[in-house]
Amino acid sequence: MSPDLSASDVTGPGPARLPDGLPPVVRPYGDTTGDGMVQLSFTLPLPAGKRAEGAAAQLARRMGMDAPMVVHARAISDAFTFFVVYGPVSHVVDVAAVEVVEREYPLLSPKETNAAVRESLHRKLVVVGACIGTDAHTVGIDAILNVKGWAGEKGLEYYREMKVVNLGAQVSVPDLVERAREEQADAVLVSQVVTQRDAHVHNTTTMSAAFREAFPAGRRPLLVVGGPRFDENAADALGVDRIFGRGTTPGEVASYLVHAVAGRSHAGTRATTTATTTT
Amino acid sequence: MSPDLSASDVTGPGPARLPDGLPPVVRPYGDTTGDGMVQLSFTLPLPAGKRAEGAAAQLARRMGMDAPMVVHARAISDAFTFFVVYGPVSHVVDVAAVEVVEREYPLLSPKETNAAVRESLHRKLVVVGACIGTDAHTVGIDAILNVKGWAGEKGLEYYREMKVVNLGAQVSVPDLVERAREEQADAVLVSQVVTQRDAHVHNTTTMSAAFREAFPAGRRPLLVVGGPRFDENAADALGVDRIFGRGTTPGEVASYLVHAVAGRSHAGTRATTTATTTT
Amino acid sequence: MTRRRPRLHLDPEQVTRARTLADAASGPVVDLARTRTTVSVERAVLRAAGLAGADAEGIPWVNHLVDAVRRQVGLEQGIAVPVWDALARAEAPDLTVLAQKAAVDAVGFTLPTGGAREHALVGARAAAAAGVAGIDQARAEREDLVARIGDPPQRPWIYLIVATGDIYEDIPQAQAAARAGADVIAVIRSTGQSLLDYVPEGATREGFAGTYATAETFRLMRAALDEVSHEVGRYVRLTNYASGLCMPEIATLAGLRRLDMMLNDSMYGILFRDINPVRTFVDQRFSRQVHARAGIIINTGEDNYLTTADAVDAAHTVTVSQLLNETFAHEAGLPDHLLGLGHAFEIDPEVPESFRLELAHALLARTLFPDAPLKWMPPTRHMTGDVFRGYLLDGFFNLVGSLTDQDILLVGMMTEAVVTPWLSDRDLALQNVRYVQRAAGNLAEDFVPAPDGLIATRAQHVLGEAVDLLQSIVDSEGGLLTAIEHGTFGGMKRPADGGRGLDGVVVRGEHYVNPVSEILEGVLV
Amino acid sequence: MTRRRPRLHLDPEQVTRARTLADAASGPVVDLARTRTTVSVERAVLRAAGLAGADAEGIPWVNHLVDAVRRQVGLEQGIAVPVWDALARAEAPDLTVLAQKAAVDAVGFTLPTGGAREHALVGARAAAAAGVAGIDQARAEREDLVARIGDPPQRPWIYLIVATGDIYEDIPQAQAAARAGADVIAVIRSTGQSLLDYVPEGATREGFAGTYATAETFRLMRAALDEVSHEVGRYVRLTNYASGLCMPEIATLAGLRRLDMMLNDSMYGILFRDINPVRTFVDQRFSRQVHARAGIIINTGEDNYLTTADAVDAAHTVTVSQLLNETFAHEAGLPDHLLGLGHAFEIDPEVPESFRLELAHALLARTLFPDAPLKWMPPTRHMTGDVFRGYLLDGFFNLVGSLTDQDILLVGMMTEAVVTPWLSDRDLALQNVRYVQRAAGNLAEDFVPAPDGLIATRAQHVLGEAVDLLQSIVDSEGGLLTAIEHGTFGGMKRPADGGRGLDGVVVRGEHYVNPVSEILEGVLV
Ligand code: B12
Ligand code: B12
Ligand SMILES: Cc1ncc(COP(=O)(O)O)c(C=O)c1O
Ligand SMILES: Cc1ncc(COP(=O)(O)O)c(C=O)c1O
């Protein structure tokens, strides 16, 4: 009878709210405020049996589930067992401490974006896009770039004040650097969808390193990567300027681009102008 | 490219095995040894949005998932969001430290059980069974007690040397204590299926306390509880002698009973003989 | 609702025979019920008359009053005469005070005759009429709301269970469910409530695996659903359970509080709660009369048989129970369109052709009861902790619902074998239903069971077994009561003189009067 | 396999018209392919002749040898004459040493005529014959194993993907999958392999999202599946990908290593890998000739169109592609029973009646290609991170497979939108298939699309659109190549002179000889 009572200390009525109206701490919700309920599934490389079930419970406990219920155990072979576990976790979520990439730019309509580009650059904003490495998933980058667009919004090609060069799939990093220089790109947009063995991370860091090497600091084009499995908070770690994740719309990207490109310099830090050497 | 390498340190070929042939430590397995992959789902009492997704990732991180992928977020209402999260957990399972209730008794056939009862008690072994409290789920206890049995094994009623009194559903604790005394029960078998708000825990501790109060130490019948959501390691905490979980078969229970009742005393610690007062 | 062309041919003679046998089996039981009353029936009369509230311990005043009357003068004449006589004698200004005094034995009850009796009856009948008027008003309100807000656009209606134990958690969950597509919300009751011989009071927050059904939880939830009905543009129905020892009172409260459906099976309490068979049949007849008046759709509980018996072997017991529920319901005045006969998708998924067998059973029910709003219930018994598999089974269950024109679809939960539904389980479950209903669309038009194929053969076979079982019930010495005693349904053996609540049954005396029944049975209007 | 009564009526004249148009559209492309060779076709000849291995950098000897010959004398006459001439001239004792020397330009190749040419050809033809004999032997082995161990007892066959990137993780996963019910195992290739103009060597462990296809990974996996085939009592088939720049070589290795099916689409490489169209058509014709000889079932890739185009709007492009794949395959000698034409369950689940539309499309393919082992592919595009919903969609996909007599069922994974399949995903997916196949049983017998209902109308409509599109391809100036250039398929625009690998295409000279093709085309036997 106690779990919900203790829980309402945490999230119930009363406690202060964050400025945005959210509760400062929350717990997962099964059917009662604060019950902390979570569902888990995983495979352990152990033969099915009590011992494996105990191991599953131990793992769940290590994950913070004090009283795990191992509700399903199925032998996948004589060496692996699949588990479903339910139970309450003791962790609370500290909502105030949540790191989110808040939208740091105003959302503009295509018209506003075009006006802002004219205003700040006095020329077209040049965007070079590609799927790099061996990745051939172009639907995501096409969703952002092609006129057709995504989720009802037109892609960047539709913007009169943007010049879009879409290099397509499986572009090598050297080719991308080269094209960015040739086109005097303001921004390079890269898509990475395959994430097995962290392919997206490796490819992105390779790409950003190549751009850092090829362009003097402050002169390289804006580096933007996107794909469904990126952590939007990882831009610094990956050496890029911005990451866009699952469900990004073209309008967001366009708005970001004017904001960031215009913000960077009014003189124009385009890719060639001051290019040095490259490989 | 590293996760699997680091992982094979843990479970790969080479490291010593436990006496039972199991690896000493394992990690969850997605598609590569040691990748630590786990699937999670839960609801947070937050409106859908980046902040809620960040909160979901935070929770996953607190659960030990260093690089969580929040792959699905769906608004259940304007106050709740449901998440599916995938990713690797950093925890390892220490297989040697897994607590399991190992079968402490030999598995006997009905014939052997009957012989053992005759041998040790020189009379029938008396079992009183019930669903206590408000629980009316009798299928589990019936599976153990009724002749029909479970999973191809006959129930205890089938054993010639057992006397089974099945009280059915929603039996109050005082009634159960009373019947146990009347029947001079060697063992009391209790089923608890409803677990919401820990009903099974409350009912079991109430029951075991009542038996402790009603019988002098060492004279109370063996207390056995069962049900699909019990933690088999919790016998001490619940004040009972043995817990049986999901998928128990009648043969296991019968084998345990002869082992435990015979082991306890050859004189016979039956419920009445030395009963004192009760309420 | 318009029925599609029948897809199953049943021998009309056998159908007639099945119904005739069901009538024959129920007849003696109805006679038994007509000649008895129970403490709960009498308490229901007081509740209809407006007596509410409870003492400090939570024991309702209706219980105190009925117990006191019974102690002093018995219930053979019913509660009405002694109570309204006492009021007429100004023992107390109103029912509540009377009950309070009765609780401490500070009132003397009598059984007047002649003028005094007539006088008492006038008071009682007025009070009862006011109560029934309250039920009528709730019904009119419902009809009005449905007319204004509208019914769900699709069949089957989507029926969802809420079961937190706390009415204040239930409400937002029910509202979220309605917003997400639920057409009917059922608030499950706490374990153990059905064995209480009183109805708890107030906005309870401490149920186990369900929330206590009280006049106040009914009111709160109905108000919450009215609010959301306007918002979603469909009248969202509310369901509870008229079963257990207080079935007549719960039915009365449901009528007054505008509940829209009630679980109300003719044998569930006997079989699954070990409630005395006679008590059950008496209580049930009264409660069904109330439901009929209130325009409440009853939901029967044939699904329950299949949780203890095998769904293939015992398929015909479902049919027999449906036929019995039908005849009992008709006798109590319920028309076909209020008969939510139940059946369930409970065949072991390991059985070959299990999906087709489910289709056969569901079509059989559909064909036998063309005008009843059938309630199609999801897999429970063969659900396991494998929630993925469970989600799939629920999808196939939903598909049977669409292919066989079911009317009410109790939404299955992937966590059936794990926990009472979480908020997210319900949301996922609704997504499942919506996907299946939308994706299958009018697929029923392409579903044409081969004339001599498995589906047709199986349905005919089950009907045959049902007729045989009914025949054996009618033929056996003690009829239905003996059949129940012998474990015919769900394998449960329940003797007519066993089980809970028998001491609450009273054989009606010659002068028995029940002013509520008089109205419901049309003796008075 | 016996086909059930047709459930869909198609206008036979329109069907004939569709096929005539497909033949007309493919004709010019076949002519193009007949008159050209590619570096990979020539390497395939060397592989058939037994040349294997690679230098320290992993560049295969076949590449070195073909490149050297091309540098020195060109490939217009094919690789055979210059290579076996060099051997005849004792430039090296065997092909490997010859290649090693050629790699460092330590051999001089010539294009002899007269007796020397005839002499070289004798050697080349003997080597080619030995290679083809190896393929024949593998085929005979398969036939023998199938006869002894048996085929899967049910249709559709269950086809499962393994994709860890590491052959040593793949093997136990594939074996586990077979034990759990898979009839066909496909080992997906690493991203990027298709753009390599060489076939990697050895037991590779470092693929991304797939494992490198090599002679050795083929061998290891086939051996592992032979082992498990005996264990499970069904011959478990192995699939890989004959696509990309090395299609002819991969096909040859597949034939030699007894692979059983190969992904091999006439236009996939062009559209989805931006491989030059001419290169693709030339490579493809040769690889299909090999598949025909090897008794390998090809799998076409119509599913891919629906990942970029809408599955309802573009349904007819699937039909057109199937018809083109059919005509190209027939021309290359593949009989119907080796034609695993593809199609997929990719309609947006939000579309009303989506399930019936899927049934319509699947029945259309079934009816148009009654003798082809159709490959039915699962939802991918509309799968999301909601793995529960995904599991349900896969169940409905499986049901379409059963209702419309598909032959090969590519098992869908609930984690489609998340990760390459986990061990547990595969196990859950197989459970899903097994449930659906068992539960639905012979439900197809009750599935009778209403004659003028949605399903029939939709199928006819799609066929009509397909005929129109074929007509416009045939009518347009440059035929199929121009249609491809204009983005007709999957919205991808691929000009005939664009894309990767064009420089590997060589127009055959007057004296071109391909000793393997001679055998495959029946010029020599
Ligand atoms: C379509 C598809 C294909 C098509 C691709 C066609 C094409 N021209 O793109 C085909 C059939 C060719 C294909 C092939 C393969 N695929 Co694929 N494919 C998919 C599928 C079904 C859908 C992807 C998609 O189109 N999503 C829709 C787009 C709009 O979403 P998105 O990419 O997330 O993009 C959005 C955002 O992320 C963001 N965004 C994305 N990029 C960028 C870039 C910038 C700059 C910005 C600002 C934003 C942005 O904005 C977009 C709009 O919101 C997914 C499964 C799934 N349901 O997700 C698998 C999937 C992506 N594929 C997968 C794999 C493994 C492959 C193969 C490698 C398999 C193989 N070994 O053969 C091959 C080879 C491809 C290769 N070399 O890369 C895996 C990846 C696993 C992983 N996480 O590593 C997936 C997840 C399937 C699976 N579970 O196995 N695939
Ligand atoms: C059948 C069933 C019913 C039937 C019960 C019929 C009957 N006579 O038992 C009916 C329809 C009556 C019913 C009613 C209710 N049920 Co119910 N029911 C189930 C169901 C579908 C199957 C349970 C079952 O029979 N399992 C098969 C048996 C053999 O397994 P078992 O009990 O685990 O027993 C095995 C072991 O645990 C062990 N064991 C069990 N007891 C013992 C005892 C001893 C001594 C030993 C040694 C071993 C042992 O051995 C057995 C054999 O291996 C489950 C869902 C599910 N699929 O699990 C819900 C379920 C148990 N019910 C549930 C609920 C909430 C109810 C209700 C309270 C709902 C309501 N509010 O109306 C009611 C009221 C019942 C009450 N007062 O208790 C919940 C419990 C949730 C929770 N975890 O708290 C469940 C999980 C469904 C759900 N998700 O909501 N139910
Ligand atoms: C027909 C019927 N009545 C009543 C109930 C509720 O049972 P109780 O409230 O007695 O636990 C159920 C449970 O599902 C039922 O099916
Ligand atoms: C027909 C066909 N060929 C080949 C492939 C593999 O593509 P690649 O190996 O070129 O990445 C696929 C992928 O699904 C396919 O469908």
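By convention in this document, chain letters (A, B, ...) are assigned in the order of the sequence lines, proteins followed by strands, and residues within each chain are numbered from 1. Below, all heavy atoms of this structure are taken into account, side chains as well, without hydrogens, waters or symmetry copies.
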Chemist: Given that the side chain runs from C-beta out, which part of A:A67 has a heavy atom under 4.5 Å from chain B: side chain, backbone, both or neither?
Modeler: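 Neither the backbone nor the side chain of A:A67 comes within 4.5 Å of chain B.
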Chemist: Need one label for B:V84: side chain, backbone, both or neither, based on atoms under 4.5 Å from any heavy atom in chain A.
Modeler: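 Contact with chain A involves no heavy atom of B:V84 at all.
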Chemist: With a 4.5 angstrom heavy-atom cut-off, which part of B:A73 approaches chain A: side chain, backbone, both or neither?
Modeler: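 Both parts, heavy atoms under 4.5 Å.
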Chemist: Does any heavy atom of chain A fall under 4.5 Å from the side chain of B:V38, the backbone, both, or neither of them?
Modeler: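 Both backbone and side chain.
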Chemist: So which residue, B:L44, B:V85, B:V93, ends up with the most heavy-atom pairs under 4.5 Å with chain A?
Modeler: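 The answer is B:V93.
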Chemist: Among B:E102, B:R103, B:E232, which residue has the highest count of heavy-atom pairs closer than 4.5 Å to chain A?
Modeler: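 Highest number of pairs under 4.5 Å: B:E232.
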Chemist: Could you tell me whether a side-chain N or O of B:R62 sits under 3.5 Å from a main-chain N or O of A:V92, the two making a donor and an acceptor?
Modeler: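 Such a contact is found between B:R62 side chain and A:V92 backbone.
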Chemist: B:L59 versus A:P28: any side-chain heavy-atom pair under 4.5 Å?
Modeler: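 The answer is yes, as the side chains (C-beta and beyond) meet within the 4.5 Å cut-off.
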Chemist: Show your working on side-chain contact (heavy atoms from CB on, under 4.5 Å) between A:D31 and B:Q196 and close with a plain yes or no.
Modeler: CA-CA 10 Å; A:D31 73 343; B:Q196 210 207 24; 3.3 Å; yes
Chemist: Sort out for me which of B:V100, B:V71, B:V89, B:D231 touches chain A most, counting heavy-atom pairs under 4.5 Å.
Modeler: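 Among the listed options, the one with the most contacts to chain A is B:V71.
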Chemist: Which heavy atom in A:P45 sits nearest to a heavy atom in B:P23, and how many Å separate them?
Modeler: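 A:P45 and B:P23 have their closest heavy atoms at O-CG, 4.5 Å.
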Chemist: For the backbone of B:G54 and the side chain of A:E99, can you confirm whether one donor and one acceptor N or O come within less than 3.5 Å of each other?
Modeler: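 Answer holds: no.
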Chemist: By a 4.5 Å heavy-atom criterion (distance strictly below it), what part of B:A56 contacts chain A: side chain, backbone, both, or neither?
Modeler: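 Interface part for B:A56: neither.
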Chemist: For chain B, which of A:R51, A:M37, A:K50, A:M69 has the most heavy-atom pairs under 4.5 Å?
Modeler: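 Most pairs with chain B among the choices: A:R51.
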Chemist: For the residue pair B:L22 and A:P47, what are the closest heavy atoms and their distance?
Modeler: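 Closest approach of B:L22 to A:P47: CD2-CD, 3.5 Å.
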Chemist: Using a 6.0 Å cut-off, check whether atom CG of A:D20 has over 12 heavy atoms from anything other than its own residue.
Modeler: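 Yes, CG of A:D20 has more than 12 neighbouring heavy atoms, counting only those of other groups under 6.0 Å.
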Chemist: For B:L18, which atoms come within 4.5 Å of any heavy atom of chain A: side chain, backbone, both, or neither?
Modeler: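 Just the side chain, heavy atoms under 4.5 Å.
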Chemist: Quick one: CG on A:L40 to CZ on B:F42, what's the gap to the nearest 0.5 Å?
Modeler: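 Output value for this atom pair is 10.0 Å.
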Chemist: So does B:E53 pair up with A:R246, basic N to acidic O under 4.0 Å?
Modeler: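 Yes.
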Chemist: Check each atom of B:F83 against the heavy atoms of chain A and say whether the ones under 4.5 Å are side chain, backbone, both or neither.
Modeler: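 No part of B:F83 comes within 4.5 Å of chain A.
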Chemist: Would a distance-only check, ignoring hydrogens and angles, find a side-chain to backbone donor-acceptor pair under 3.5 Å from A:Q58 to B:V95?
Modeler: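 No.
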Chemist: What's the separation between atom CD1 in A:I76 and atom OH in B:Y29, rounded to the nearest 0.5 Å?
Modeler: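 So the gap between those two atoms works out to 9.5 Å.
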Chemist: So which part of B:D94 gets closer than 4.5 Å to some heavy atom of chain A, the side chain, the backbone, both or neither?
Modeler: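 Both the backbone and the side chain of B:D94 come within 4.5 Å of chain A.
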